[in-house]
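Encoded as structure tokens, the structure appears first; notes follow it.
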Number of protein chains: 2
Amino acid sequence: MATIKDVAQKAGVTVTTVSRVLNNRGYLSKDTRDKVFQAMEELNYKPNAIARSLYAKKSGIIGLILPALRHPFFAELAGFIEQYANLHAYKLLVCDSNHDALREKEFVDLLKSNQIDALIMASHTLDVREFAGLDYPIVTFDRIIDGLSYVCSDNYRGGVLAAERLIHVGCEHVAHICGNLQLDLLSNDRTKAFLDVMDKHGINPIIVQTQTDVFDYKHYDNMIYPLLKDHPHLNGIFATSDLLAAHVLRACYEMNIKVPGDLRVIGYDDVSLSELLVPQLTTIHQPIQEMAEMAVILATQAQEADRFQQAHVFPVHMIQRYTC
Amino acid sequence: MATIKDVAQKAGVTVTTVSRVLNNRGYLSKDTRDKVFQAMEELNYKPNAIARSLYAKKSGIIGLILPALRHPFFAELAGFIEQYANLHAYKLLVCDSNHDALREKEFVDLLKSNQIDALIMASHTLDVREFAGLDYPIVTFDRIIDGLSYVCSDNYRGGVLAAERLIHVGCEHVAHICGNLQLDLLSNDRTKAFLDVMDKHGINPIIVQTQTDVFDYKHYDNMIYPLLKDHPHLNGIFATSDLLAAHVLRACYEMNIKVPGDLRVIGYDDVSLSELLVPQLTTIHQPIQEMAEMAVILATQAQEADRFQQAHVFPVHMIQRYTC
DNA sequence: CCTCGTATGTCAAACGGTTGACATACGAGG
DNA sequence: CCTCGTATGTCAACCGTTTGACATACGAGG
């Protein structure tokens, strides 16, 4: 690998001059500049970002911890985050915790060790204490942790929209499928809202939760088939993710339950999967792209001045397709 | 941020001793070791990976360039790659080129600058020349580039399996939907195989290609609906990805074409999406997890000795579900 | 001729950690 | 008492780049 010294030698100048060209500071003649650039070209020189980081105490890297890259929501989110990180000249180090608290903790250490400039946490099992003494800005997704800024969709509103829609179309026997409520997530507000509205209408939904530690799609089926089997009169389901809703639709097809005829289904997220399903999924849209953008902005633009907690709750709306 | 000096001071030893503890070399008493560990604990000290990298000339980072993180195949692939990278104590820097050759080039430079230890390329627009003078091992997915090792599935075999299956069930009016054939990808062998087999049976499939520069799912529909509309007698389709096949299924549903009754559909990849579709997709399984593992192994275990090109072609098989 | 602005060079410290060479100190075993 | 193994310290170079302090050299303008 060519170093700045090689470039200096080739261009017949000193490293200081090369550095000046590189960083465009001090007096420089066009002639020298050209010579240096040519030398860099010939040697295919790229400044060593590691060395620069060491001096600058900035790595230009954003860490992203998420529970499962293969989950369509997080894949889309990560894609957008990468895009915006790039736009702000940051690189993205992606860590897939697989919903494992221990790995999450290890990642936090790992990322600290790697001098990341900011951390975006979209994985949720960690205890608050783990963040003590971390010296970079942290943005969380869908979770409130004491002093940290966070980004989420208006979960409560989303739950209300879903509930009202089901009621509006006349569902009386409804179920709700959600992630584990013991995890201290803002997305639990969807459930809360859903129950609040249902309660107001004298309806008492069946609630099915995923397990905390399981993130296996087979597990979804193990919840959904019994639910449908044991409650043949069910006519409305609100699932807290499009992925869950997709499992419901598939189960319905196989159990010969007509959607939306026999059963109405509403999802949450509006990932591109939802448009692909048969029938296309009615869902609550959360603006993933804007949320990703905000997360990156919060992560990178955090001034010392505004290191206090900022909440960014994004509006949701219902996308009415063909399942409800 | 605490440095090794702070730890040394707190533990009442020299930095050399701390470094010895850190790297477990030289003579060390249990007493000193404990003192040092305690000091590290108290200061929440994590060794600066940047400084270590600078000295070691190894960053412990694998770069991954892919065309679209939001594409289910690449999301799954990236997830597995992250997992195996982690297993080998590597971090993963993810770059989403969005199918843009220019960005890919920029990423290659960026990653070089960041002293990555290896590069896994699952994005395909780059010219061979771009790789000249890169000093880390490179593994490509589904593409042959002169001296580089690559990983792919047995694309030709996959194409044969799909074709034979369609013929076996009596399809005579078949179409094939694939990525752009101008891109020099090994997955084009699927098309070649498909046509070879069809030709042998005197069938001349309709071929529809995606555009090179477009990676927009709306574009898929713009290909698929006209295809189905213009060819009402079509009774078999082989799509080169499950995602494409999903679009086909959805279009069929909306155009009231029965699958598999009126039309048989076979996909490729066997991503988890394929199990979620209605009806569940018959597809060609490629072992994504094993391929990811191999890519990481090739990337990290590349000895100077075996820097020559290695081909790793993984077997495929058909997963017979309900669309064919 | 003096001065100033421009252009470059020289030198060294700093970023945080690693490593090798070498010194020192202590206790145990012969 | 000498030696050896153990345990630690001292010191400095090194990784590649940046930066500041300071020197030097040249040509133009007054």
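As a basis for the values below, the full set of heavy atoms in this structure was taken, side chains included, without hydrogen atoms, waters or symmetry mates. Since the model is a prediction, treat every value here as computed from it, not as a measurement.
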query = Rounded to whole angstroms, how far apart are CG on Asp6(A) and P on dG16(D)?
reply = 9 Å
task = Specify the separation, in whole Å, of atom CD of Gln9(B) and atom C1' of dG9(D).
result = 16 Å
query = Which sits closer to the 5' end of DNA chain C, Ala51(B) or Asp31(A), going by the nucleotide each is nearest to?
reply = Asp31(A)
task = Grab the two heavy atoms, one from Leu64(A) and one from Leu119(A), that are nearest each other, plus how far apart they are.
result = N-CD1, 4.4 Å
message = Within the 4.0 Å limit for protein heavy atoms, which parts of nucleotides 19-27 of chain D are touched? Write it as a string from 5' to 3', B for base, S for sugar-phosphate only, - for none.
response = BS-------
message = Using Watson-Crick or G-U wobble geometry with both distances under 3.5 Å, which nucleotide pairs with dA14(C)?
response = dT17(D)
Distance, rounded to the nearest Å, where Tyr27(A) contributes OH and dA7(C) contributes C1' = 9 Å
request  = Check the distance between dA7(D)'s P and Asp34(B)'s CG and give it to me in whole angstrom.
outcome  = 13 Å
request  = Could you please name the option among dG9(C), dT18(D), dG16(D) that lies closest to any side-chain atom of Thr17(A)?
outcome  = dG9(C)
query = Nearest to the side chain of Ile4(A) - dA7(D), dG17(C), dT18(D)?
reply = dT18(D)
ask   = DNA chain D: Lys30(B) or Val18(A), which has the more 5' nearest nucleotide?
value = Lys30(B)
message = Quick check against the 3.5 Å criterion: does Glu76(A) have a side-chain atom that pairs as donor or acceptor with the backbone of Val271(A)?
response = no
key: Residue pair Ile145(A) / Tyr150(A), side-chain heavy-atom distance below 4.5 Å   = no
request  = Return the value, rounded to whole Å, for the distance between atom OH of Tyr45(A) and atom P of dG16(D).
outcome  = 10 Å
inquiry  = If you count every heavy atom of other residues, nucleotides or ligands that lies below 6.0 Å from Gln289(A) atom CD, does the total exceed 12?
reply    = yes
remark   = Lys46(A) atom NZ is separated from dT17(D) atom C1', nearest whole Å, by 17 Å
ask   = Is any side-chain nitrogen or oxygen of Lys57(A) closer than 4.0 Å to OP1 or OP2 of dG16(C)?
value = yes
request  = Would you tell me if any nitrogen or oxygen in the side chain of Arg52(B) comes within less than 4.0 Å of OP1 or OP2 on dG16(C)?
outcome  = no
ask   = Should Lys58(B) be listed as having a side-chain N or O under 4.0 Å from OP1 or OP2 of dC15(D)?
value = no
query = With a 4.0 Å cut-off on heavy atoms, is Thr3(A) in touch with a base, just the backbone sugar-phosphate, or nothing at all?
reply = sugar-phosphate
ask   = Among the nucleotides dT17(D), dG9(C), dA7(C), which one has an atom lying closest to any side-chain atom of Asn48(A)?
value = dT17(D)
ask   = Would you say the side chain of Pro47(B) lies within less than 4.5 Å of the side chain of Arg52(B), judging by non-hydrogen atoms?
value = yes
remark   = Across every strand shown, the nucleotide meeting Watson-Crick or G-U wobble geometry with dA12(D) (both distances under 3.5 Å) is dT19(C)
ask   = So what does Ile50(B) touch, heavy atoms closer than 4.0 Å: a base, only the sugar-phosphate, or nothing?
value = nothing
query = Once you round it to whole Å, what is the distance between P of dT18(C) and NZ of Lys5(B)?
reply = 13 Å
dC26(C) - base-pair partner by Watson-Crick or wobble geometry, distances under 3.5 Å = dG5(D)
Non-hydrogen atoms of Cys152(A) and Asn155(A) that approach each other most closely = CB-ND2, 4.1 Å
message = Rounded to whole Å, please give me the gap between CE in Met1(B) and P in dC15(C).
response = 14 Å
remark   = The residue among Lys57(A), Lys112(A), Lys58(A) that forms salt bridge (charged side-chain N to carboxylate O under 4.0 Å, His left out) with Asp117(A) is Lys58(A)
query = When the ring planes of Phe314(B) and His312(B) are compared, do they come out parallel, tilted or perpendicular, using 30° and 60° as the limits?
reply = tilted
query = Ser29(B) side chain N/O closer than 4.0 Å to the phosphate oxygens (OP1, OP2) of dT6(D)?
reply = no
